[in-house]
Each structure stands twice: as C-alpha cells, then as structure tokens.
Amino acid sequence: MDYILSPSLLAADFGDLKSAFEALKKADTKWLHLDVMDGVFVPNLSMGITVISSIRKSTDLFFDVHLMITDPIRYVKDFANAGADLINFHLEACEDPLAVIDEIRKTGKKVGITIKPKTPVEELAPYLGLVDMILIMSVEPGFGGQSFIPTSTEKVRTLRAMLTERGLETDIEIDGGIGLGNIREVLDAGCNIIVIGSAVFKGDIAESAAEFNRILETY
Ligand code: DX5
Ligand code: ZN
C-alpha cells in the first residue's frame, strides 16, 4: 500500500500558485487535493472547472478532486476534461451513487466516494469494491482550518476492517484537521492517503510538505 500526502490547495495563496507548486515539487509531493464547493451542499464556494483546467497547465501533480456539490453526476465529464485524475463525490450529495460511479468510470478517471462526519461507515457497504478510494471526512466539509473530529479514527478502523474482510486493499483517505499531532493516529487506524491543508500551506510549504512526506515514506 502506498502512503501519500495530498495537500489541500484550499489553504494556499491563490495569488501565487506557481511558488506553491514549485515548493510541493521540491518536497517531492505527488498529489494535489482540490476542493470544489457549490454553496449548496456546503455553505461555502471555492474553485470550479475553469480554475482546475487552468492550473492543470502549471503542474503535473495527480489531481485528487473532492466534489462537495449537489448532484455531482451533472459535472463528472467536465471535471474529467478539466484534468482531474481522481473524482471523489459525496454519498450524501446524490440519489444514485452507482450511477455516479459508472459515470466516473466511463471517463477513465479513478473513482472516490466520500462520507461526512455524521454518516456511518456502514452506509458505504454497497460500494466497497466498486471504488478506488474512500474518503472519511474528519471535519464538516466546507472550510479548511477546523479541528479534527476524534471519532473519525474509529470510523477509519471500522472501514479498514470491512475492506480487509472482503479481501480489498482500497485506499482510505482522510481530510480535515490533520497535522503532526495526529497523522500517526490516522495512519495506525488504516488511512493511507492524507489530505493536509493548513499544516502544509500556512508555513514554509516545502519544509512542511517534506516533513509529512518523510513520515509517510518511512511509515
Ligand atoms: C474541507 C476540505 C479540506 C480542507 C482541509 O471541506 O475538504 O480539504 O481544506 O484543510 P485543513 O487541513 O486545514 O483542515
Ligand atoms: Zn477536501
């Protein structure tokens, strides 16, 4: 299993993305987490198709696109064309998750499914084996810089056990409130893709990313 840092661009200075990408590269980062918000599914707005397609030209990082939008099936093709490598949608945001999974598969991109902190992991059972990655939100989606919700660790542990029981090695991603103080706890619980926003971008980006990458490489 690969252990990967996926820095959340939401915490970056959008006026100087070039330096941010250079710093991430310098730290040998491979992924970039892109938070898309529609002001309906979550009470905030962020970037959309145009921004993703334009930053696609400035970096070859793997684009891990986290859709926090209602009825995501409407925009799957657009995000695929914009340069997403993985398209991650919320279980709570759609009526027919299987149709969304199929729609993403048709684009040839990797498929991710996400649950909010209050959604039980058991609700993911019908989709295990159909997706490449499962994201457990460890804060209420919508904003960076929030505190980690401690019950998330147990959700990860339960999900990893459900996957192992089925003989699956699906990636588990965690997103929200992760830093040096709790990264090992979520790794031990069974996560292998770690989203970090503030703790990467609010200081020296290259140094912080390198420190997290070292932890993940040697885990
Ligand atoms: C919140 C987003 C997160 C957020 C993480 O809705 O999905 O990706 O940017 O940021 P931190 O690491 O600051 O909690
Ligand atoms: Zn996110």
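Both counts, for ligands and for their atoms, begin at 1 and track the order of listing.
- The number of heavy-atom neighbours closer than 6.0 Å to CZ of Arg184, taken from other residues, nucleotides and ligands shown, is 12 or below.
- Near Gly144, meaning under 4.0 Å from one of its heavy atoms, ligand 1 places the atoms 4 (C), 9 (O), 10 (O), 13 (O).
- Here Leu86 contributes atom CG and Phe62 contributes atom CZ; the two are 5.0 Å apart, rounded to the nearest 0.5 Å.
- Within the set Gly179, Pro7, Gly145, Ser147, the minimum heavy-atom distance to atom 11 (P) of ligand 1 is found for Gly145.
- By the 4.0 Å N-to-carboxylate-O rule, Glu22 lies too far from Lys25 to be salt-bridged with it.
- Below 4.0 Å from some heavy atom of Gly176 lie the following atoms of ligand 1, by number and element: 14 (O).
- With hydrogens and angles ignored, the 3.5 Å screen pairs a side-chain donor or acceptor of Arg74 with a backbone N or O of Asp71.
- Using a 4.5 Å heavy-atom cutoff, the side chains of Val195 and Ile178 are not in contact.
- Counting side-chain heavy-atom gaps under 4.5 Å among Ile, Leu, Val, Met, Phe, Trp and Tyr, the cluster of Met137 also holds Leu135, Val139.
- Below 30°, between 30° and 60°, or above 60°: for His90 and His66 the angle between ring planes is below 30°, a parallel geometry.
- Tested against Asp35 for a side-chain contact (heavy atoms from CB on, under 4.5 Å), the candidates Asp175, Val42, Leu9 yield a single pass: Asp175.
- Of the protein's non-hydrogen atoms, the one nearest atom 2 (C) of ligand 1 is Asp35 OD1, 3.4 Å.
- Around the Zn ion (ligand 2), protein N, O or S atoms at less than 2.8 Å comprise His33 NE2, Asp35 OD1, His66 ND1, Asp175 OD2.
- The Met137 neighbourhood of ligand 1 comprises atoms 7 (O), with distances under 4.0 Å to a heavy atom of that residue.
- When hydrogens are left out, the protein atom nearest atom 5 (C) of ligand 1 is Asp175 OD1, 3.4 Å; that is the closest non-hydrogen contact.
- At the shortest separation from atom 1 (C) of ligand 1 among protein heavy atoms lies Phe143 O, 3.5 Å.
- Using a cut-off of 4.0 Å between Lys/Arg side-chain N and Asp/Glu carboxylate O, Glu103 and Lys106 are scored as salt-bridged.
- Where the criterion is an N or O separation shorter than 3.5 Å, residue side chain and backbone included, Pro141 fails it with respect to ligand 1.
- A distance-only check finds a donor-acceptor pair linking the side chain of Asn182 to the backbone of Gly179 [under 3.5 Å].
- Close approach of ligand 1 to His33 is summarised as follows: ligand atoms under 4.0 Å from at least one heavy atom of the residue are 8 (O).
- In this structure, atom 9 (O) of ligand 1 lies nearest to the protein heavy atom Ser8 OG, 2.9 Å.
- With respect to atom 13 (O) of ligand 1, the closest heavy atom belonging to the protein is Ser198 OG, 2.4 Å.
- Atoms of ligand 1 found under 4.0 Å from any heavy atom of Leu10, numbered from 1 in the order shown, are 9 (O).
- In terms of modelled atom types and a separation under 3.5 Å, the side chain of Asp38 and the main chain of Thr70 share a donor-acceptor contact.
- Of the polar atoms of His66, at least one N or O is found under 3.5 Å from an N or O of ligand 1, judged by distance alone.
- In this comparison of Gly177, Gly142, Gly197, Ala199, the heavy atom closest to atom 14 (O) of ligand 1 sits on Gly177.
- In this structure, Thr59 contributes its side chain and Leu61 its backbone to a donor-acceptor pair below 3.5 Å.
- Checked by atom type and distance alone, the side chain of Ser208 pairs as donor or acceptor with a backbone atom of Asp204 at under 3.5 Å.
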